[in-house]
Amino acid sequence: MSEAVAEVVAAADSRVTGDLYAEVQTFYARQMRRVDALDIEGFAATFTEDGSVVHAGGDRQSGQAEMIAGMRANLPRYQGIAVRHWFGHLLIEVDADDPDTVRVSYYTLVTLTDAEGKVSFQPTFTVDDVLVRREGRLLTRERVIHRDRPAAV
């Protein structure tokens, strides 16, 4: 196990309530259904106004307006296909100093289905999010996407 993965697993070793786990899962289900439906504004609204995404290639988008512009620029590549984001193996940790801040690390798989039903897979990623509770609901403040690489033997 890599040192970075070991740190995430150790940090997430604390107990999480079933209610919080279900809330986080539901948040992601709603967030990803928006992005999969190409509801760009709805997806961006699941982030804080100053939220950020660091993509696996290192590109950073800060703020909802920048996210929307970046997603609009990528819309043509999704024409004629159904995109689905699949998340699993969530590790959830509530910030010890701020119970309204939740760190989540998870694996993601993206599938693309064309008009004939042929499915292709994108590379897999590990994603680290910082979720915050604002006015009773979760929002993403920070997302860092890491492309998976083979573990060193």
Kindly work out whether a path of hydrophobic side-chain contacts (I/L/V/M/F/W/Y, heavy atoms less than 4.5 Å apart) joins [X] to [Y].
X	Y	result
L109	Y78	no
I145	W86	no
I92	V130	no
L91	V132	no
L38	V35	yes

Please answer whether the main-chain N or O of [Y] pairs with a side-chain N or O of [X] as donor and acceptor at a distance below 3.5 Å.
X	Y	result
D114	E116	yes
E66	S62	yes
Q64	F47	yes

Less than 4.5 Å apart, side chain to side chain, heavy atoms only: is that true for [X] and [Y]?
X	Y	value
V110	F125	no
M32	F43	yes
L75	I40	yes

Worksheet entry | Lys/Arg-Asp/Glu bridge criterion (N-O < 4.0 Å) met for R103, D95 | yes
Worksheet item: With the threshold set at 4.0 Å, does a side-chain nitrogen-carboxylate oxygen contact exist between E23 and R133?
Response: yes
Starting at [atom1] of [X], measure out to [atom2] of [Y] and round the result to the nearest 0.5 Å.
X	Y	atom1	atom2	answer
L139	D129	CG	CG	11.5 Å
K118	T113	NZ	OG1	11.0 Å
M71	D39	CE	CG	8.5 Å
F87	Y28	CZ	OH	7.0 Å
H85	D36	NE2	CG	5.5 Å
T108	H89	OG1	NE2	11.5 Å

Worksheet item: Is it the case that R30 and T46 place a side-chain donor and acceptor less than 3.5 Å from each other?
Response: no
Item to complete: Write down the atom of A44, the atom of I68, and the distance for their closest heavy-atom approach.
Response: CB-CG1, 3.6 Å
Worksheet entry | Residues forming a side chain to side chain donor-acceptor pair (under 3.5 Å) with T124, sequence neighbours excluded | D148
Worksheet entry | For V54, the rest of its hydrophobic cluster, which grows through side-chain links under 4.5 angstrom | V144
Item to complete: State which residue, out of Q61, H146, R60, R147, fulfils the side chain to side chain donor-acceptor pair (under 3.5 Å) condition with H55.
Response: Q61
